[in-house]
Amino acid sequence: MRLRTRRRATAALTVAAITALGLAACGDPGAGDADATEGEVGGTMNLATTSDRGLAPLIESFEADTGAKIEGTFAEAGALNEQLRIQITSGTAPDLFRSSPGYSSPSSVLNLQAEGNLMDLSDQPWAEFVPESFNSLQQADGGTYAFPTYGQAMLAFYNTTLFADLGIEVPTTWSEFIEACETLKDAGKVPISLGLADSYIAQFTPLALAATLVDGLEPDFYDRLEAGETSFVESEGWREVLEKTFGLIEDGYTTPSPLGMPGDPAMQQVGNGEAGMVIMPSAASPVLAGMMAGGEDEMGNFAVPATDDASETYVAFSPDYLVVNAKAKNPATALAFLEYIAEPENISSIAAATGSIPALSNAEPIDNALNNTVQPFLDEGRTAPFANHAWPGGKVAEALITTSQQVVEGSKTIDDVLAALDAAYQESLS
Amino acid sequence: MSAGLAVRGDASARPSSLGGAPSTGSRRSSVGRVPNWFLIPALVFYAVVVLYPSVAGAYYAFTDWRGGTEANWTGLENFIALVGDSAAVASLVNTLTIAVTLTLVQTGLGLLLALALNAAIRGRNLMRTLFFAPMMVPPVIIGLLWQYVYTPNGPLDSLLEIVGLGALSQSWLGNSQIALWSIIASVIWHHVGMSMVIYLAGLQSIPQELYEAAAIDRAGPLRRFWSVTRPLLGQSTTIAMALTMTSSLKLFDQVFVMTGGGPGVATETLSLIMYKEAFVYGEYGYGSAIALVLTMIVAAIVFLQMSITRRGEVEA
């Protein structure tokens, strides 16, 4: 019965090696180029995105009109990003696929463009309707490399019943916002629900405030940062963003012990009236609406003010993209499909179905609470991309998340956060 | 290698398939043997799905590969960066803390449960099933479940309040001094059934005569455990500790779901930063370097641990 120790040790070592080195070799590095605009519309075109919500009826009608077949693959954004990165590297990526804005992930638009993996879409008829504020997220070397399927905004979503019961008016300035928080707190409610146990949520409030305090009031900050003329540490806007974000927590206007609270239960607090509002991207609003007794009708939203001048408020607004593979096997159908869904009524129908905002300026207006809030800001040009979408690589956002948690916990300061952002930014550029 | 597959026994004593004469020596060597080339498909499959990725992964650890661009040889640069990476160092400390704690506590609890449920008590089969049941649930679900349990004013805090220990309520996942231990507790709850089953199998293989002989020698329960049960469970201990150690060194799912490595870097593990570097930031070269280091650590610790635990093994 004595164990064969040596054999087991060898087996254990083998298992260990397989476990850790399984990361390996997803294909040979390198990207090619292809003149992929030739061909007729038809055949099979492969599509990969997060959901067929809003797209399904358009796919059906496009297939009926053209005789083409669209094979769709749908997965959660994080998993899709990882899968696409591997497929692109190994040359097996779909013809048309979802991509993150700017440099926000390894498979985001500008990272893939730099590697020559995306088709230049500048000559497409819908390109003239892409909002100017998206330029930094999808343009490079004079070309346009992505199709904005819909947009999402970073807003405050609130329980309208609770606001009405407490007589709270929708705030349009920072002072009014604090006043609303104070009223909610006095009524024994959590003013702002905050679930930082899901670490990515630590970005939401800073991104909402940065649209006004950085993009709005320091419009040349990112250009100067890229030129090495300034830094996060030197930015008054970013310092104020963080002071206001952590001030809300210190002053007791957020969920107690937010680091231990996951995102979903935090949202539920707004749904059941224990909390007044939550700051989050509009893409998550259908989930919140589902948590409210009155559904979507009970859920209000407003742009998060950051100063005492309402006209200074900007809304953080970023698109979700589809891009065409430079090595697409069926580029003609991919381009034709984009042209089809870019038609004003179609781009609006996608936004309506996904609870989002149309991202092309020629879209038919949608009459709902979300679009009624964001549209005036779009019309006046007072929108700015989510700050993390323009940062070079995901490490800057990760630095914001990690050090923000440490500030909330008390082991770091705002200066530490700003220094960490600078360090991660420089590391990402190198 | 085919010898292991040969029909065992005295072939010379069997009649030939063509007649009743005993087989000759030369014929004996081929009867029942599988030709070596039968192994080729399996070896090719193994090489493609295991050896090649492993060797390629090791190669990329010495490059700056970022997925889409060319991989340039950078020598030890990734490993030097790893040493200076505070998050990596913190994750190494956390990983070792998790591994040592889980190995000791989970194995110890598994032994206690096995001893209790090996006794002739009513409902022991039901209890064995209940303790093993969490093993059947995917780790991601376990992570979500415990994240809910640890929610401020959630089930755990409510339970503490009911039993008069409300003062112990914590931000279980939000306090960096406690978060790692909260995760460890959930992993023990998830995996202790596995250690219990290994020990139960070991206990049931111990001959009853040894206990009877010990009883005749007037050995009490503690003495019987120490002098009979403990040494004869040596093999079970080796297996239980090796499996727990390897799984805890590469712990990923629960940490990813429950804290994502936070607050700050309080619960980062090597597996988690390997995932982030490779698949979130696209730093495949650096991620491969972390994987290689993790491999070395797992191999070294498991080898050391097995060298120690095998000394305690005795034959029944």
Side-chain angles (χ1 to χ4, degrees), chain A residues 1-3 5 8-9 12-26 28-31 78 81-82 85-86 88-89 105-107 111-112 114-117 196-200 202 255-262 265 393-395 398 401-403 405-406 408-409 411-412 428, chain B residues 50 52-58 60 65-71 87 147-148 150-152 154 170-176 205 235 238-239 242 246 250 258-265 274 276 278-282 284 287-288 291-292 294-295 298-299 302-303 306-307 310 313-316:
Chain A
M1 285 181 63
R2 186 170 185 80
L3 289 178
T5 307
R8 286 202 325 242
L13 294 179
T14 306
V15 169
I18 294 166
T19 299
L21 287 174
L23 172 66
C26 305
D28 291 327
N81 282 347
E82 292 159 18
R85 180 66 266 179
I86 292 166
I88 291 159
T89 302
S105 78
S107 57
N111 282 321
L112 295 183
E115 296 164 8
N117 287 318
L196 297 183
D198 288 321
S199 57
Y200 61 90
T255 303
S257 303
L259 289 173
M261 174 66 84
K395 287 196 173 179
E398 181 67 17
I401 291 167
T402 304
T403 49
Q405 286 186 323
Q406 291 168 322
V408 175
E409 194 193 30
S411 61
K412 298 269 186 185
S428 299
Chain B
V50 176
Y52 170 69
S54 299
V55 172
Y60 287 128
W65 187 37
R66 291 186 174 180
T69 54
E70 195 178 340
Q147 190 188 48
Y148 172 68
Y150 288 138
T151 302
Q170 298 279 341
S171 179
W172 300 101
L173 297 175
N175 182 336
S176 63
S205 70
Q235 294 169 359
T238 303
I239 294 169
T246 48
K250 58 188 177 62
M258 290 169 72
T259 62
V265 294
M274 179 180 78
K276 285 181 180 174
F279 296 110
V280 178
Y281 309 140
Y284 290 91
S288 297
L292 193 58
L294 180 59
T295 301
V298 172
V302 171
F303 183 79
M306 292 185 74
S307 301
R310 72 173 182 173
E313 295 178 8
V314 296
E315 293 182 33

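Chain naming here is simple, since letters A, B, ... match the order of the sequence lines and numbering starts at 1 in each.
A:Gln405 meets the side-chain hydrogen bond (donor to acceptor under 3.5 Å, both in side chains) test with no other residue; sequence neighbours excluded. By the side-chain hydrogen bond (donor to acceptor under 3.5 Å, both in side chains) test, B:Ser171 is found to be paired with no residue, residues two or more places apart in sequence or in another chain being considered.
Using a 4.5 Å heavy-atom threshold, the side chains of B:Phe279 and A:Asn81 count as separate.
The closest donor-acceptor contact from the side chain of A:Glu409 to the backbone of B:Ser176 lies under 3.5 Å.
B:Pro152 approaches A:Ser257 most closely through the heavy-atom pair CG-O, 3.9 Å.
If you tally non-hydrogen atom pairs under 4.5 Å between each of A:Thr402, A:Asp198, A:Leu196 and chain B, the highest count goes to A:Thr402. Among A:Lys395, A:Met261, A:Gln406, the residue making the largest number of heavy-atom pairs under 4.5 Å with chain B is A:Lys395. Across B:Pro263, B:Gly154, B:Gly282, the residue that shares the most heavy-atom pairs under 4.5 angstrom with chain A is B:Pro263.
Interface residue B:Thr259: only backbone heavy atoms are found under 4.5 Å from chain A.
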